[in-house]
Amino acid sequence: MPITQAHRACHLCEAICGLEFEFTDGALTRIRGDALDPFSKGHICPKGNAILDLESDPDRLTQPLRRINGQFVAIGWDEALDYAASELAQIQQRHGANAIGTYLGNPSVHHFGTLVYAAQLLRSIKSQNVFSASSVDQWPHQQVCTLMYGHQFLLPIPDVDHCDYFLMLGANPAASMGSLMTAPGVVGRLKALTARGKLLVVDPRRTETAALASEHLSIRPNGDAWLLIALLNAMRRQAEPRLTRYAGHLLDFEQALEELAPFDIQDAQAHSGVPVETIERIAAELLAAKRPLVYGRIGVSIQAYGSLCQWLIQLLNIYLGALDAPGGVLPTRAALPITGKGTAPGAFARWHSRVRGLPEFAGELPVAALAEEILTPGDGQIRALITICGNPVLSTPNGAMLEAALPGLEFRLAFDIYINETSRFADLILPPASVLKHTHYDSVFNAFAVRNVTRINAPLLEKGANDWLDFEILSALTERYCKRVGKPFQALPDPQTLIAQGLKRGPFGLDYDAVAAQSHGIDLGPLEPSLLGRLQTASGKIECAPALLVGDLKRLAQSALPREGELRLIGRRDIRSNNSWMHNAPRLIKGKPRHQLLMHPSDLATRGLADGARVCVSTPTGTIETDVLASDALRPGVACLPHGFGHQRAEVGLRRARNVVGASYNDLSSGADLDALGNAALNGILIEVSAAPIRAGAG
Ligand SMILES: Nc1nc2c(c(=O)[nH]1)N[C@H]1C(S)=C(S)[C@@H](COP(=O)(O)OP(=O)(O)OC[C@H]3O[C@@H](n4cnc5c(=O)[nH]c(N)nc54)[C@H](O)[C@@H]3O)O[C@H]1N2
Ligand SMILES: Nc1nc2c(c(=O)[nH]1)N[C@H]1C(S)=C(S)[C@@H](COP(=O)(O)OP(=O)(O)OC[C@H]3O[C@@H](n4cnc5c(=O)[nH]c(N)nc54)[C@H](O)[C@@H]3O)O[C@H]1N2
Ligand code: SF4
Ligand SMILES: [Mo]
C-alpha cells in the first residue's frame, strides 16, 4: 500500500495550524499536526482530525439540489447555474435591486476563492441588503479600527509571545483556539506567558483559559465598559500616559480621557462587580509591567457595549504605550495585504436598513435586521436570499423569526456543503467540491497572526469530472446573471494569479512559486511596529475620540444597575464545536452531551431547581427547553449556554447532528438588542429559568 503525505494549513478556525495529511492508496487515512510548520509546530485540535469525518460524510452534498414539489432533486451544474441566474435576474426585474438579500457566513473568509468571487457576485447584484456573520461577531473591532486608524483591518494583534502582562476580556482561547489573534498552539503560548509574566482573564465564568491564567476576575456581563473606564481613570491618577511613541500621531487623546473622567469608580464596582481595590491594583500592575497589553474578544464584542469596549481597549493600550510596540498590540504585516491601497477601509452609514433605519458599515447592514427586511412589505423588501457558507437560522439573533420568514421568499439560494437548518428551505443548493481540491491561501487569518507568516498549499485531492470549485461556481453564476440582466462581466483572474499579484504587491514582495515551494509555510518574523506609517484616517493621525463612540458614553452612564435575582445569559464554546456546522462529525460528537445550561448552585436553589433538572429558559423572544448543570465556575446571576445547536428542527440533512441534543441559543436572543453601531448583543441577555413542564411519555 503506497503511503504518501502532503501538507496543508487547516481552514477550520483562525489558528490556521499546518496539518499533515496521510493517504493510503490515494485515500485520505490520517491527519496529524505538521511538525515542520514554523508557526504551528505540529499543533492540532480535535477539529483538525475531524476533517477525516467531513471528507467521508455521507450527508455532504456533491451535486446541486433543486427543490421540486417540496423534495430536493439532484440536477446538473449547467441547469442549476442557469436556474439561479434566471431567478435572481427576474426577481430584480420585478422588485428592484435591493430585493436580493445575501448573507455570508463564517467559513467564507477561510477560502480565498469564496471570499473574492462572492465579492464579485455582490458587486454585480448591487443590492444594499448585504449581511454577514461579522455583525454577530467582530464588527466592533472593525468599526473601532476604521474610526481610530482609518482602516477596518488595521487591527492591533496581541504579541502574545513577547508580552509580560496580558489583560484578556471575554475570550476563551483554550476552547476557541484564539480569535483575532491567530496563534496556533495558543495554550502553550499562554502557559509560557504565565511562566514569565501574568495572564489576567476577565470573564463571568471561570473558563478553561481562566483556569490556566495567573488570575481570574469574575465580572458581571456587560460590566466591562465600566471596568475599562475605571482602569483608565485609575491609571490617570497613578501615572502619566506613555505617549512618546505616538508624538505627532495622536488626535484628541486628552479629550477622550476627559470624556471618561466623570465616570465614578464606585459605580464601576456596582456595574462590573469588580471591587474598587482590585481595579486600582490592576491599573498599578498594568503600569508596572514592562510589556503590558489589553485584548478583548467575543464576550466584549457581542454584548450591549461592544464597540465602546473595543474603543476603550485601544485607549488603554495607547495609555500604556502598548499600541504598536513589540510585546504590546501591533497590526500584522500581511504578505498578501488586506489594508492599504486598493482595499476597502470601511465606511459608515452610506445607506440605512429600510425598516429600522440601521446604518450600513463596510457595505453591510446588521444581520439583526435581516428577518424584518424579509417580513415587512413595501418597496425594497427582500424577496430572495442567498446564503454563502452560513447558517443564520442558528447563528443570528431571533433565529426562529428568520426561519419563519424564509418560506415567504420567492427564491432561496444556498451555497453550502450541507442541508443545514437554513439551506433546508432553499430552492437550490450549490455545493462546492471539497476544499482539499483547491489551492489554499488564508488571506484573512494570515493577516491577523501573532507573527508575520504566509503559507500557500496546493490541492491535496484531484478534482473530479463533476466537481466545481468554489470560485468556479461563483464566477459562472456571476457571468450568467450579468448576461441575463445585461450588465458587463469581466472574469477575474484565477485565484492563483490573484494570490501571486497580492504577494508581489505586499510588503515582502514575495514570489508565488517561492512561497508555494515551502509547503510548510514561511515565518517572516515577529510583529513589528508599522501602524503609525499605515494610518488611513482623514487626519493622518490616530483619532482617539470618535463622536460615534464618545456619544455612546451617555447610554452607558444611564444603564441600569443589576437587579436582585436577575439572571443573564452568556455563551460558551467547546473545543469540539465549530459554530453550528460540525455536529455531524462522529469524532466531535461522541461522548457525553455538551449542551446544558450552566447555572450557579445558589441560582438553582432560589428557583427550587435540582442539578440536572429539565428547565425552560425564556426571554421575550422565545422559550427553549434544556437540561441544567450546576456550576460554581459561574458567578451567581449568570447562566451559560453554547450556541450552534438546535439540529432537531431539520427533518432532512444532517442525520447524525439530529441526534445531538441541544436547543438553539438564538431562539432566545433578540434582533432588537444591539451595541451602538449595530453588532448583535447576544451575550448578557436577561432570561427566566423555571422547571420544564412534565410531559406524558417524556423521559
Ligand atoms: N448566541 C451566539 N450566537 C453566535 C455566536 C455566539 O457566540 N453566540 N457566535 C457568532 C459568530 S462569532 C459567528 S462567526 C457566527 C457563525 O455563523 P454562520 O457563519 O452563519 O454559521 P456556521 O455555523 O459557521 O455555518 C457555516 C456554514 O458553512 C458551511 N460550510 C462549511 N464549509 C464550507 C465550504 O467549504 N463551502 C461552503 N460553501 N460552505 C461551507 C457549513 O455547512 C455551514 O452551513 O455565529 C454567531 N452566532
Ligand atoms: N471550538 C471552537 N472554536 C471556535 C469556534 C467554535 O464555535 N468552537 N468559533 C470560532 C469563532 S467564529 C470565533 S469568532 C472565535 C471566538 O473566540 P473567543 O472570543 O475566544 O470565544 P468564546 O469561547 O466564546 O469566548 C468568549 C468568552 O466571553 C465570555 N463572556 C460572555 N459575556 C461576557 C461579558 O459580558 N464580559 C466578559 N468579560 N466576558 C464575557 C464568555 O464566558 C466566554 O468565555 O472562536 C472560534 N473558534
Ligand atoms: S486549532 Fe483550528 S486550525 Fe488548528 S487544527 Fe484545530 S480547527 Fe484546525
Ligand atoms: Mo466568529
Side-chain angles (χ1 to χ4, degrees), residues 11-15 45-47 54 60-61 103-111 114 132-134 136-138 168-181 186 201-210 217-224 227 272 296-305 309 367 387-397 399 414-423 430-435 438 470 473 568-582 584 588 634 638 640-644 654 664-666 668-669 680 682-685:
H11 57 274
L12 292 174
C13 93
E14 300 181 30
C45 85
K47 287 192 295 295
L54 295 179
R60 233 202 97 116
L61 306 179
Y103 171 84
L104 296 132
N106 170 280
S108 60
V109 291
H110 284 281
H111 303 301
T114 307
S132 85
S134 297
V136 280
D137 188 347
Q138 81 289 352
M168 177 184 288
L169 302 106
N172 185 16
S176 72
M177 302 285 107
S179 180
L180 296 184
M181 165 176 76
V186 66
V201 170
V202 180
D203 200 300
R205 180 167 74 95
R206 192 173 62 249
T207 59
E208 298 81 347
T209 309
L217 266 189
S218 175
I219 192 168
R220 286 212 167 95
N222 295 335
D224 305 87
L227 170 67
S272 69
R297 214 20 211 121
I298 281 291
V300 288
S301 299
I302 50 170
Q303 60 134 292
Y305 302 101
C309 286
V367 71
T387 52
I388 298 178
C389 312
N391 195 5
V393 165
L394 296 192
S395 302
T396 67
F415 176 73
D416 208 291
I417 55 172
Y418 284 121
I419 302 175
N420 67 21
E421 292 69 20
T422 308
S423 63
L430 298 174
S434 162
V435 296
H438 65 218
D470 56 353
I473 300 169
R568 289 199 181 259
L569 186 66
I570 60 168
R572 71 172 179 276
R573 286 172 161 77
D574 180 274
I575 189 142
R576 293 187 136 74
S577 75
N578 200 10
N579 295 317
S580 78
W581 73 278
M582 287 186 73
N584 217 41
L588 300 182
L634 285 169
V638 182
C640 176
L641 190 76
H643 75 285
L654 305 159
S664 176
Y665 187 120
N666 290 316
L668 298 170
S669 58
L682 303 171
N683 280 332
I685 58 178

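Hydrogens, waters and symmetry mates play no part in the numbers below; they use all other heavy atoms, side chains included. Note that ligands are numbered from 1 as they come in the structure, with each ligand's atoms numbered from 1 the same way.
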Atoms of ligand 1, numbered as shown, that sit under 4.0 Å from any heavy atom of Gly105: 19 (O)
One finds that the ligand 2 atoms under 4.0 Å from a non-hydrogen atom of Arg297 are 14 (S), 19 (O)
Among Tyr665, Tyr103, Trp581, which one has a heavy atom closest to atom 31 (C) of ligand 1? Trp581
Within the 4.0 Å heavy-atom cut-off, what Asp470 brings close to ligand 1 is neither
For Asp137, is at least one N or O under 3.5 Å away from an N or O on ligand 1? no
Mind checking whether Asn578 has an N or O less than 3.5 Å away from an N or O of ligand 1? no
To check your reading of the model: name the closest protein heavy atom to atom 36 (N) of ligand 1, its residue, and the distance in Å. Pro432 CG, 3.6 Å
Shortest protein contact, atom 19 (O) of ligand 1 (heavy atom only): Asn106 N, 2.6 Å
Arg220: salt bridge (charged side-chain N to carboxylate O under 4.0 Å, His left out) partners, not counting sequence neighbours: none
Measure the distances from the heavy atoms of His11 to every atom of ligand 1 and state whether one is below 4.0 angstrom. no
Which atoms of ligand 1 sit under 4.0 Å from any heavy atom of His111? 35 (O)
Logged contact type for Val136 with ligand 1, heavy-atom cut-off 4.0 Å, is both
Protein heavy atom at shortest distance from atom 39 (N) of ligand 1: Cys389 SG, 3.5 Å
Of Leu180, Asp224, Leu634, Asn579, which has the heavy atom at the shortest distance from atom 38 (N) of ligand 2? Asp224
Run the numbers for me: atoms of ligand 1, each under 4.0 Å from some heavy atom of Asn420, listed by number. 43 (C), 44 (O)
Among all protein heavy atoms in this structure, tell me which lies nearest to atom 20 (O) of ligand 2, with the distance rounded to 0.1 Å. Ser176 OG, 2.7 Å
Looking at ligand 1, does Ser580 have a heavy atom less than 4.0 Å from it? yes
So which heavy atom in the protein is nearest atom 3 (N) of ligand 1, and how far is it from that ligand atom? Asn666 ND2, 3.1 Å
Protein residue, atom and distance nearest to atom 45 (O) of ligand 1, heavy-atom basis: Ser395 CB, 3.5 Å
With backbone taken as N, CA, C and O and side chain as the heavy atoms from C-beta onward, which portion of Thr209 lies under 4.0 Å from ligand 2: side chain, backbone, both, or neither? neither
Atom indices of ligand 2, in the order listed, that fall short of 4.0 Å to a heavy atom of Ile570: 31 (C), 32 (N), 42 (O)
Would Phe415 count as a polar contact of ligand 1, with the cut-off being nitrogen or oxygen pairs under 3.5 Å? yes
Just go through Asn683, Asp416, Thr422 and tell me whose heavy atom is the nearest to atom 29 (C) of ligand 1. Asp416
Numbering as shown, the atoms of ligand 2 that approach Thr207 to under 4.0 Å (heavy-atom distance): 44 (O)
